[in-house]
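For reference, the structure discussed in these notes is given below.
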There are 2 protein chains.
Amino acid sequence: MPDSSYIAKLCYDKGLRLTEQRRVIAKVLADANDHPDVEELHARSAAVDSRISIATVYRTLRLFEELEVVTKHDFGDQRARYELADSEHHDHIIDLKSGKVIEFENEEIERLQEKIVNDLGYELVDHKLELYVLPRKKK
Amino acid sequence: MPDSSYIAKLCYDKGLRLTEQRRVIAKVLADANDHPDVEELHARSAAVDSRISIATVYRTLRLFEELEVVTKHDFGDQRARYELADSEHHDHIIDLKSGKVIEFENEEIERLQEKIVNDLGYELVDHKLELYVLPRKKK
DNA sequence: GTAAGTGCAAATCGTTTGCAATTTC
DNA sequence: GAAATTGCAAACGATTTGCACTTAC
């Protein structure tokens with residue numbers, strides 16, 4: 001999982017400038033353990049440095065996405081949500097009641113996915129699995 | 001799988017008026033075997049009756065979605081795509097090269113999904129599984 | 001005839017962009 | 001000092017909505 005200093009190195013390697021804004025946004029992302037949307041990321045960043053505009057947050061997120069240091073999600077509400085890219089792909093359970101998002105991995109499902117597309121002559125390059133759930137009522 | 005006459009009956013049952021526009025849009029949906037976006041649905045509908053506005057297409061799709069006769073998808077491009085609701089849930093393989101969408105079902109994956117959320121005390125109310133693929137190169 | 005449904009154009013929401021001003025290197 | 005990056009506000013694309021007009025019942 002990339003951290004702020006990893007991002008700094010990446011910027012350097014790519015000839016990108018390590019601005020105050022990028023540093024702050026990287027740290028905000030590294031500190032988050034939820035899946036904030038852009039407005040929330042802007043709020044958290046602006047709390048550290050009020051000069052950061054939302055346009056820069058959008059631009060920086062797009063940049064980080066291209067560098068593959070963040071992953072963009074769409075959980076059915078309109079706006080995009082972000083998290084630091086994980087080396088292992090993981091999927092999400094969305095609790096429709098509380099809005100809480102739980103991460104999980106399941107090797108067997110991954111294996112089945114590979115098999116399905118391979119049998120059709122394809123190569124799996126990405127996948128998205130989201131389970132929308134509600135708390136189970138006891139009887 | 002609902003067809004036009006089923007939709008007519010549903011409108012009747014719910015006290016909704018069966019307008020020319022709804023009739024046309026229902027037929028366009030029933031005739032489609034792809035996953036058209038709103039603009040495309042509007043184009044197909046307007047070809048039948050040019051009086052149909054895009055606002056009505058949006059309103060009708062929202063209505064049909066509430067009635068559970070259509071399913072709305074988001075395949076990673078921006079706009080929403082629609083298809084008639086199927087009684088069996090199915091998932092999608094998206095060929096990133098051609099944009100083609102292939103439907104599939106896999107009982108074993110469904111079973112694993114149920115198990116995952118049950119073990120966490122949840123009930124699965126919906127899920128989304130999308131496999132993004134590219135044609136496999138031979139070696 | 002009346003309430004539901006429509007078309008139109010304006011509004012909204014999330015996101016992107018042109019440009020002049022500001023930084024980082 | 002030059003090129004990259006920023007902030008601002010305007011532009012954008014998909015979708016929604018207010019309102020006067022139309023239509024199904």
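Convention: sequence-line order gives letters A, B, ...; per-chain numbering from 1. All values below were derived from every heavy atom in this structure, side-chain atoms included, with hydrogens, water molecules and symmetry-related copies excluded. All figures in this text were calculated on a predicted structure; none of them were measured in a lab.
Side-chain N/O atoms of B/Arg62 include one lying less than 4.0 angstrom from OP1 or OP2 on D/dT17. Between A/Thr56 and D/dG7, a side-chain N or O to OP1/OP2 separation shorter than 4.0 Å is present. Applying the 4.0 Å criterion to OP1 and OP2 of D/dA24, one finds that B/Arg22 has every side-chain N and O outside that range. A close approach under 4.0 Å does occur between a side-chain nitrogen or oxygen of B/Thr19 and OP1 or OP2 of C/dT6. Between A/Gln78 and the phosphate of D/dA14, there is no side-chain N or O to OP1/OP2 separation shorter than 4.0 Å. The phosphate of C/dT15 (OP1 or OP2) has a side-chain N or O of A/Tyr58 nearer than 4.0 angstrom.
Among the atoms of the strands shown, base atoms are found under 4.0 Å from some heavy atom of A/Arg59. B/Glu20 comes within contact range of no nucleotide atom at all, as no heavy-atom separation falls under 4.0 Å. In this structure, B/Ile54 reaches neither bases nor backbone, as no heavy-atom distance under 4.0 Å exists between it and the strands shown.
Heavy-atom distances under 4.0 Å link DNA chain C to B/Arg51 of residues 39-51 of chain B, given in residue order.
Applying the side-chain hydrogen bond (donor to acceptor under 3.5 Å, both in side chains) test between B/His35 and each of B/His92, B/Lys100, B/Arg81, B/Lys72 identifies B/His92 as the sole match.
Across every non-hydrogen atom of B/Val38 and B/Ile54, the tightest pair is CG1-CG1, 4.1 Å.
For the atom pair CG (A/Asp34) and CD (A/Glu83), the distance works out to 9.5 Å, reported to the nearest 0.5 Å.
Within a 6.0 Å radius of CD in A/Glu39, no more than 12 heavy atoms belonging to other residues, nucleotides or ligands are found.
Rounded to a whole Å, the CZ atom of B/Arg17 is 5 Å from the C1' atom of D/dA24. Regarding A/Arg23, its CZ atom lies at a distance of 15 Å from the C1' atom of D/dT6, rounded to whole Å. For the pair A/Ile52 CD1 and C/dT22 P, the computed distance is 18 Å after rounding to whole Å. For the pair B/Glu65 CD and D/dT15 P, the computed distance is 11 Å after rounding to whole Å.
Between C/dA4, C/dA9, D/dT15, one nucleotide has an atom nearer to the side chain of B/Arg79 than all others, and that is D/dT15.
Using cut-offs of 30° and 60° on the angle between ring planes, the pair A/His73 and A/His90 is tilted.
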*Test A/Thr60 against A/Thr19 for side-chain contact (heavy atoms from CB on, under 4.5 Å), laying out the working first.*
CA-CA 11 Å; A/Thr60 303; A/Thr19 61; over 6 Å; no
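Each of A/Leu18 and A/Ala55 was assigned the nucleotide of DNA chain D with the nearest heavy atom; the assignment lying further toward the 5' end belongs to A/Leu18.
The end-to-end axis angle of the helix from C/dG1-D/dC25 to C/dC25-D/dG1, rounded to 10 degrees and based on five pairs per end, is 30°.
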